[in-house]
Amino acid sequence: MLSALYRCDLSVFQLYSPAGSGGRNLTTLGIFGAATNKVVCSSPLCPAYRKEVVGLVDDRVCKKCPPQRLARFEEECRKYRTLVIKGVRVFDVAVLAPLLRDPALDLKVIHLVRDPRAVASSRIRSRHGLIRESLQVVRSRDPRAHRVPFLEAAGHKLGAKKEGVGGPADYHALGAMEVICNSMAKTLQTALQPPDWLQGHYLVVRYEDLVGDPVKTLRRVYDFVGLLVSPEMEQFALNMTSGSGSSSKPFVVSARNATQAANAWRTALTFPQIKQVEEFCYQPMAVLGYERVNSPEEVKDLSKTLLRKPQL
């Protein structure tokens, strides 16, 4: 699928259309998160926005865009020299090897990572919105893999009837972290001793570095892919990471104090929950420079950074 998409071939979506439709009813409004997609919501596909103007789009406006045939989208896609596809669940970078070996694609991987404890906190906070996804992740676990047992102090019971803290949704949210961190460890080990197809084609970026120094990190990413970052994009990154807003809703993109957001897990998670995630994720945490904690007091001391220089 990715191979087709990187070549602007959207016919692959016909495989996911309703049976019997042959993909005839697919339009630009049904793919790529159209309601918040700048390309779909900008000229020439939609008159609502101009794609050269840096900024977010309003989903209420984008939902009013006229549907376009996928062939029209393909025509627009082929005008771009650089394509970016966000992949959320690529559990092993090795599955991308055939694409990375293809000189016609010149594919590069930017691996955005975040402190696993912050990821766990986000998944727990969004427990109901992510319960199905957490179950899918847990069920994808390799049955041959070594299992890290749940710490009794974490207080999560699969059979718990209560839907709040410690209930089954939280149990699965934390359980998903074992699978996520095992796959992350596999990818990072590959990156530490990269095969020829990965050399020069892989960059790991910590979320904490991005929000701590947005311009420097953004320039590093753009340089990696051979592009120049515009002053407008730099200002946009600064605005998005230094806002005063916050949101408890999952998947909402808005300007906020990202440094506070990066440390929010330190007050949101219980100490047993933190130790559970560290048990699951100690390998990728060590590679990425996320320090483990020894006491509840250390967690709450926000003057102490838990970041060190990563190995990648």
Side-chain angles (χ1 to χ4, degrees), residues 5-6 8 10 27-68 70 72-73 76-77 79-89 108 110-115 118-119 121-123 125-126 129-130 133 203 205-225 227-265:
L5 294 180
Y6 276 119
C8 297
L10 305 186
T27 71
T28 52
L29 299 187
I31 60 173
F32 297 132
T36 53
N37 189 308
K38 185 69 175 292
V39 174
V40 176
C41 196
S42 297
S43 175
L45 296 177
C46 177
Y49 293 93
R50 302 201 328 267
K51 58 178 179 284
E52 66 271 15
V53 178
V54 177
L56 296 177
V57 297
D58 187 331
D59 62 325
R60 294 168 298 182
V61 174
C62 294
K63 286 176 181 176
K64 298 177 182 178
C65 287
Q68 302 282 357
L70 293 192
R72 180 73 182 86
F73 191 97
E76 190 64 19
C77 177
K79 296 177 183 178
Y80 288 82
R81 292 181 58 251
T82 303
L83 300 180
V84 180
I85 296 178
K86 177 184 176 182
V88 181
R89 286 288 171 264
K108 299 205 173 174
I110 300 169
H111 188 182
L112 179 63
V113 299
R114 189 177 183 182
D115 190 318
V119 176
S121 178
S122 178
R123 296 185 76 87
R125 189 175 68 251
S126 310
L130 287 173
E133 195 267 353
L203 176 71
V205 176
R206 294 192 303 191
Y207 169 81
E208 294 78 9
D209 296 330
L210 180 60
V211 302
D213 195 339
V215 172
K216 178 181 178 181
T217 308
L218 198 61
R219 289 175 179 174
R220 178 171 165 243
V221 169
Y222 270 66
D223 182 66
F224 172 68
V225 295
L227 297 174
L228 292 176
V229 59
S230 68
E232 293 80 10
M233 182 59 74
E234 291 181 351
Q235 188 59 52
F236 177 72
L238 286 170
N239 293 342
M240 290 297 292
T241 54
S242 59
S244 57
S246 63
S247 175
S248 60
K249 296 181 180 179
F251 321 122
V252 172
V253 179
S254 62
R256 63 187 66 188
N257 187 321
T259 302
Q260 286 184 4
N263 287 305
W265 66 269

Show, in sequence, the C-alpha distance, side-chain angles and deciding distance for V225 and V84, and conclude whether the side chain to side chain contact (heavy atoms under 4.5 Å, CB included) test is met.
CA-CA 11 Å; V225 295; V84 180; over 6 Å; no

For residues K86 and V88, determine if any side-chain heavy atom of one lies less than 4.5 Å from a side-chain heavy atom of the other.
yes

Could you tell me whether the SG atom of C46 lies less than 2.5 angstrom from the SG atom of C65?
yes

Has Q68 got a side-chain atom pairing as donor or acceptor with L45's backbone, closer than 3.5 angstrom?
yes

Could you pull out the closest heavy-atom pair between A261 and R114, with the gap in Å?
O-NH2, 3.2 Å

Check whether E208 reaches the backbone of D115 with its side chain - one donor and one acceptor, N or O, closer than 3.5 Å.
yes

Ignoring hydrogens and geometry, is there a side-chain-to-backbone donor-acceptor pair from S122 to A118 under 3.5 Å?
no

Would the distance check show the side chain of T28 and the main-chain N or O of V40 forming a donor-acceptor pair, the cut-off being under 3.5 Å?
no

So, are E52 and R50 salt-bridged, with charged N and O less than 4.0 Å apart?
yes

Among residues at least two apart in sequence or on other chains, which ones pass side-chain hydrogen bond (donor to acceptor under 3.5 Å, both in side chains) with N37?
none

Side chain to side chain contact (heavy atoms under 4.5 Å, CB included) evaluation trace for V39 with C77
CA-CA 9 Å; V39 174; C77 177; over 6 Å; no

Step by step, work out the side chain to side chain contact (heavy atoms under 4.5 Å, CB included) result for Q235 and L238.
CA-CA 5 Å; Q235 188 59 52; L238 286 170; 4.3 Å; yes

Take F224 and V205, measure what side chain to side chain contact (heavy atoms under 4.5 Å, CB included) needs, and give me the verdict at the end.
CA-CA 11 Å; F224 172 68; V205 176; over 6 Å; no

Other residues, nucleotides and ligands only: do more than 12 of their heavy atoms fall within 6.0 Å of CD1 on I85?
yes

Using the salt bridge (charged side-chain N to carboxylate O under 4.0 Å, His left out) rule, collect all pairs that involve residues 233-242, keeping only residues at least two apart or in two chains.
R219-E234

Of S42, C41, S43, which is the lone residue that meets side-chain contact (heavy atoms from CB on, under 4.5 Å) with K51?
S42

Flag side-chain contact, heavy atom, 4.5 Å: D58 against Y49:
yes

How far does CG of D59 sit from NZ of K64, to the nearest 0.5 angstrom?
11.0 Å

So do V221 and L210 actually touch side chain to side chain, heavy atoms under 4.5 Å?
no

Interatomic distance, CG@L112 vs CG@L203, rounded to 0.5 Å, equals 10.0 Å

For Y207 against A262, the heavy-atom pair lying closest together:
CE2-CB, 3.9 Å

What I'd like to find out is whether the side chain of F73 reaches to under 4.5 Å of the side chain of T27, using heavy atoms alone.
no

Could you tell me whether the side chain of P214 reaches within less than 4.5 Å of the side chain of M240, counting heavy atoms only?
no

Closer than 3.5 angstrom, by distance alone: can the side chain of K38 be matched with the main-chain N or O of V53 as a donor-acceptor pair?
yes

